Every structure is written in C-alpha cells, then in structure tokens.
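Indexing begins at 1, ligand by ligand and atom by atom, following the structure's order. Numbers for residues simply follow the sequence, beginning at 1. Remember, predicted model here, so these are calculated numbers, not experimental data.
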Amino acid sequence: MSGLPAARRTVLKGAALAGAAGVGLTACSTGSKGGASATPTAPVDLGAADAVPVGGAVLFRDQKLVVSSPAKGEYKAFSATCTHQGCVLDKVEKTEGSCPCHGSRFDVTTGKVLQGPATKPLPEVPVRATGGKLIAGPDK
Ligand code: FES
C-alpha cells in the first residue's frame, strides 16, 4: 500500500520542477525584450564629430551608443546595448566592443557578433554630423 503514494509524490515533484523551468524561461525572454528598446527615440547630441577618429570608433556609454568613422566626414552608429541580455558595452578597442556581463564581442563598425553568447547584431542607429556635432537617432 505504501508504494503507491510514494510514486505519486515522485510524479508531483517532477511536475513542480518542470513548472520552475518554465518560469525561468519566461523571465529570460522578458529580459531580452528590454534590450530591444535600446535605440534612441529622439535625437541625441554626442558632441564634437571629430572626437571619432577615421578608421576608429568611440563608445558613448551614457548614451548607450557606439560611433565609428569609416572615412572622413562619414559616421556609423550602433546601439551599445548588448543583444544578449541588455548590458551596456564597457570597452571599445579599435573597432571591437566588448560586453562586461558575459564576454560577448561585437564589430562596432557593422554591429556583427564576433563572440557569443550574443547571437544578434547590434542594431544600427541613424547618425549625422551637423555643424561639427554628431547627432544620433531619428531626425525629429
Ligand atoms: Fe552582454 Fe550577456 S549581456 S554578454
């Protein structure tokens, strides 16, 4: 008689564990949704355009953006929010940005992932130089 309740308990325990795993997955996907809203919705003033060297890149950590300059007077900007779980990149060496949280690395001139765990590229952000100043984000 005592064998039956024990078996039921085992089944219930298994169900509880499966439930816990489900909760974990939900929390994780909520986190990456937060990272998706990482691009500016209004123009952002990044200061002097010539602070970004030709062939190099500068991290604007407070604005969560990284700007590179492929040629004189040309600029490209990407979100500096890691597409893994939303940490902000903390270092840019030459044109390679790194995330302090789990070590993802990105080519900040293209947004491409160079090293995981991130799998999605950094989203591009419009940027222009106006009167010697860099302005990122939408026009309005
Ligand atoms: Fe950047 Fe995980 S949040 S590597």
Looking only at protein heavy atoms, identify the closest one to atom 3 (S) of ligand 1 and say how far it is in Å. Gln85 N, 3.2 Å

With respect to atom 2 (Fe) of ligand 1, what is the nearest N, O or S atom of His84? ND1

Which residue in the set Pro123, Pro121, Pro117, Cys99 passes side-chain contact (heavy atoms from CB on, under 4.5 Å) when paired with Thr83? Pro123

Nearest protein heavy atom to atom 4 (S) of ligand 1, by residue and atom, and its distance? Ser104 OG, 3.2 Å

Would you say atom 1 (Fe) of ligand 1 has Cys87 as a near neighbour, meaning an N/O/S atom of that residue under 2.8 Å away? no

Least distance between heavy atoms, Phe106 atom then Leu122 atom: CD2-CG, 3.6 Å

Ala49 to Tyr75 - nearest heavy-atom pair and separation: O-OH, 3.3 Å

Of all N/O/S atoms in His102, the name of the one nearest atom 2 (Fe) of ligand 1: ND1

Worked check of disulfide bond (SG atoms under 2.5 Å apart) between Cys101 and Cys87: CA-CA 6 Å; Cys101 291; Cys87 293; 1.9 Å; yes

Are any of the side-chain heavy atoms of Val66 and Leu59 separated by less than 4.5 Å? yes

